[in-house]
Protein chains: 2
Amino acid sequence: MTQDIDIARIAALVGAPARAAMLLALGDGRALPAGDLAACAGVSAATASGHLGALREAGLLDIVRQGRHRYYRIASAQVAALLESLLLVAAQSPTRALRTRVDQRLQAGRTCYNHLAGRLGVALCDALIEREALRIDEEIAHFTRAGVALLAGFGLDTRALRHRPMSRTCIDWSERRHHLSGPTGVAIYRRCLELGWVRHHLDSRAVSVTKIGARGFQSTFGLAM
Amino acid sequence: MTQDIDIARIAALVGAPARAAMLLALGDGRALPAGDLAACAGVSAATASGHLGALREAGLLDIVRQGRHRYYRIASAQVAALLESLLLVAAQSPTRALRTRVDQRLQAGRTCYNHLAGRLGVALCDALIEREALRIDEEIAHFTRAGVALLAGFGLDTRALRHRPMSRTCIDWSERRHHLSGPTGVAIYRRCLELGWVRHHLDSRAVSVTKIGARGFQSTFGLAM
DNA sequence: CTCACGCTTCGGTTCGCGCCGAAGCATGCT
DNA sequence: AGCATGCTTCGGCGCGAACCGAAGCGTGAG
């Protein structure tokens with residue numbers, strides 16, 4: 001049966017953890033550059049490039065050239081549906097039950113490859129937008145003049161972050177909402193660690209907000225914990 | 001994130017051709033014994049057993065003990081939906097286009113691991129049921145007294161086939177309909193070859209009906225070609 | 001023009017896993 | 001009881017693929 005190997009080919013493509021991480025990062029339809037996806041998957045650029053090429057060749061991913069970047073995104077709604085199906089089956093898989101407790105902790109606050117995600121990451125992003133420190137156009141985040149000042153007061157020199165776009169948004173899988181990623185997102189997370197606002201648990205990607213942090217998020221970003 | 005590896009685990013499970021073939025054979029919800037699934041996947045019993053164990057442990061497959069057989073079946077509707085999703089994505093995958101021509105030939109008549117499938121297999125099964133030679137109860141096929149006589153006239157000694165159940169049904173993937181598998185299905189196919197009713201193409205699993213075969217199927221089983 | 005950056009290609013290593021044969025276990029037929 | 005049958009477990013083999021570092025290529029910035 002020829003179709004056996006067809007579906008096996010597709011499934012095997014999703015079956016490598018690195019590729020699964022990339023697909024999941026793209027799960028909401030955004031387009032991300034290869035470098036970000038490499039970071040998301042925790043592999044080198046070389047490895048990521050190979051994976052992305054394979055996914056594109058199989059028709060799972062589309063490529064959008066824009067400037068010097070090459071943005072990848074999910075090719076069709078069917079592929080997105082396939083990912084949803086997998087999530088559903090994975091969620092009810094028996095081995096999954098053991099992890100559920102950890103996941104709940106992760107939902108509160110965690111890092112998504114060196115930037116803040118979970119409820120904390122989403123709330124911070126919302127607060128920045130509400131204070132008009134951040135604007136999101138075309139799924140790319142820009143800090144306003146007020147935002148740059150705000151970050152300066154927070155101790156971040158935005159001039160040191162010369163990448164363009166300076167920051168990106170990333171949809172959180174538990175909250176299904178935006179949060180800050182990219183170099184700026186990473187810098188904010190690092191600064192939070194320096195200030196002792198959040199603490200990092202060694203055994204997982206979960207982070208928790210300290211007492212000092214709660215006050216800091218409140219006074220600096222207007223973020224009620 | 002932990003869920004990356006969750007969906008990767010599930011996808012990788014489906015990603016091996018042998019396991020994909022087994023899942024596809026079970027795709028319509030029937031329960032099949034391990035031996036049949038091994039044949040479907042074209043692997044040894046030892047290999048099949050390992051695969052089935054893994055699929056069961058992951059919650060993709062259920063096991064139903066009945067007599068000395070152990071029947072496997074798809075564990076949930078979600079798993080079936082996952083397979084459908086994969087079929088959909090595989091169908092629109094670019095590499096798929098190359099195979100479409102071959103598939104059309106296969107749809108007419110072909111073997112499904114040593115028994116007749118495709119339109120021919122389905123039509124034969126229908127004809128047997130219509131002539132009251134075959135009855136299907138609980139997805140297991142039984143030949144009636146008239147059916148045994150019919151097969152005897154065809155040159156098959158059904159007493160030589162002492163397996164119980166004597167025959168099984170198998171859903172054809174292109175027709176989505178029943179056809180005969182199991183020892184009886186295999187014996188019928190062999191007999192068709194002996195009589196020169198069908199010819200087997202070496203390069204694929206496609207079979208075609210000869211002129212003699214067309215007359216034979218007509219006179220013996222009342223099957224109009 | 002030149003440099004820097006992002007991405008891809010190439011070569012080589014390592015590790016996992018899919019596979020089988022043989023032996024072991026259980027179940028039901030004789 | 002004894003044998004046959006169906007399935008599983010074990011040990012070992014070999015292929016394939018995932019990974020990285022380094023080099024190559026194209027694009028935009030200075």
Side-chain angles (χ1 to χ4, degrees), chain A residues 4-5 8-23 31-58 61-73 159-166 168 182-183, chain B residues 4-5 8-23 31-58 61-73 159-166 168 182-183:
Chain A
D4 298 357
I5 67 166
R9 253 189 58 247
I10 303 295
L13 234 30
V14 188
R19 286 192 295 258
M22 293 174 177
L23 288 169
L32 292 177
D36 276 28
L37 291 170
C40 269
V43 295
S44 74
T47 303
S49 181
H51 286 320
L52 292 169
L55 290 170
R56 197 174 62 81
E57 193 174 2
L61 252 41
D62 253 356
I63 196 167
V64 182
R65 313 183 72 117
Q66 187 176 315
R68 93 163 93 181
H69 297 269
R70 308 177 73 157
Y71 291 90
Y72 287 90
R73 69 172 171 198
R159 287 171 310 181
L161 306 166
R162 40 207 173 97
H163 297 277
R164 276 159 47 99
M166 279 179 47
R168 261 180 236 101
Chain B
D4 298 357
I5 67 167
R9 253 188 59 247
I10 303 294
L13 233 31
V14 187
R19 286 192 295 259
M22 292 174 177
L23 288 168
L32 292 176
D36 277 28
L37 291 169
C40 269
V43 296
S44 73
T47 303
S49 180
H51 286 322
L52 291 169
L55 291 170
R56 197 174 62 83
E57 193 174 4
L61 251 43
D62 253 357
I63 196 166
V64 182
R65 313 184 71 117
Q66 185 176 317
R68 92 164 95 181
H69 297 270
R70 307 179 72 162
Y71 291 91
Y72 287 89
R73 68 173 171 196
R159 287 170 309 180
L161 305 165
R162 28 197 186 104
H163 297 278
R164 276 157 47 98
M166 280 180 46
R168 261 179 236 101

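All values below were derived from every heavy atom in this structure, side-chain atoms included, with hydrogens, water molecules and symmetry-related copies excluded.
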- Length of the CZ-C1' vector between A:Arg9 and D:dA17, whole Å: 15 Å
- Task: State which residue, out of B:Arg19, B:Glu57, B:His51, fulfils the side-chain contact (heavy atoms from CB on, under 4.5 Å) condition with B:Leu13.
- Result: B:Arg19
Short N/O separations, protein against nucleotides 14-21 of chain C, under 3.5 angstrom:
residue: C:dG18; atom: OP2; partner: B:Arg19; partner atom: NH1; Å: 2.9
residue: C:dG18; atom: OP2; partner: B:Arg19; partner atom: NH2; Å: 3.2
residue: C:dC19; atom: OP2; partner: B:His51; partner atom: NE2; Å: 2.4
residue: C:dC20; atom: OP2; partner: B:Ser44; partner atom: N; Å: 2.9
residue: C:dC20; atom: OP2; partner: B:Ser44; partner atom: OG; Å: 3.1
residue: C:dC20; atom: OP2; partner: B:Thr47; partner atom: OG1; Å: 2.7

Under-3.5 Å N/O pairs linking protein and nucleotides 14-16 of chain D:
none

- Query: If you take all heavy atoms of B:Ala21 and B:Cys40, which pair is closest and at what distance?
  - Reply: CB-O, 4.1 Å
- Message: Can you measure A:Leu61 atom CG to C:dC7 atom P for me and round it to whole angstrom units?
- Response: 14 Å
- Task: Nearest whole angstrom, please: distance from the P of D:dT27 to the OH of A:Tyr71.
- Result: 16 Å
- Query: Below 4.0 angstrom from OP1 or OP2 of D:dT8, is there any side-chain N or O of B:Tyr72?
  - Reply: yes
- Please state how far atom CG in B:Asp36 lies from atom P in D:dG6, giving the value in whole angstrom units. 10 Å
- Task: Enter the distance from A:Leu37:CG to A:Leu61:CG here, rounded to the nearest 0.5 Å.
- Result: 7.5 Å
- Item | Spacing of A:Leu55 atom CG relative to D:dA18 atom P, expressed in whole Å | 10 Å
- Query: Can you check the A:Arg56 CZ to C:dT8 P distance for me, whole Å?
  - Reply: 9 Å
- Task: Round to the nearest Å and state the distance from B:Leu52 atom CG to D:dT9 atom P.
- Result: 11 Å
- Message: So, taking the atom named CD1 in A:Ile63 and the one named OH in A:Tyr71, what distance separates them when rounded to the nearest 0.5 Å?
- Response: 12.0 Å
- Specify the closest pair of heavy atoms between B:Ala18 and B:Ala41, including all atoms of both residues, with the distance to one decimal. O-CB, 3.5 Å
- Query: Do you know which two heavy atoms are closest between B:Ala38 and B:Ala45, and how far apart they sit?
  - Reply: CB-CA, 4.3 Å
- Taking every non-hydrogen atom, the tightest pair across B:Ala16 and A:Ala8: C-CB, 4.1 Å
- Hey, what do you get for CG (B:Asp62) to CG (B:Leu55), rounding to the nearest 0.5 Å? 12.0 Å
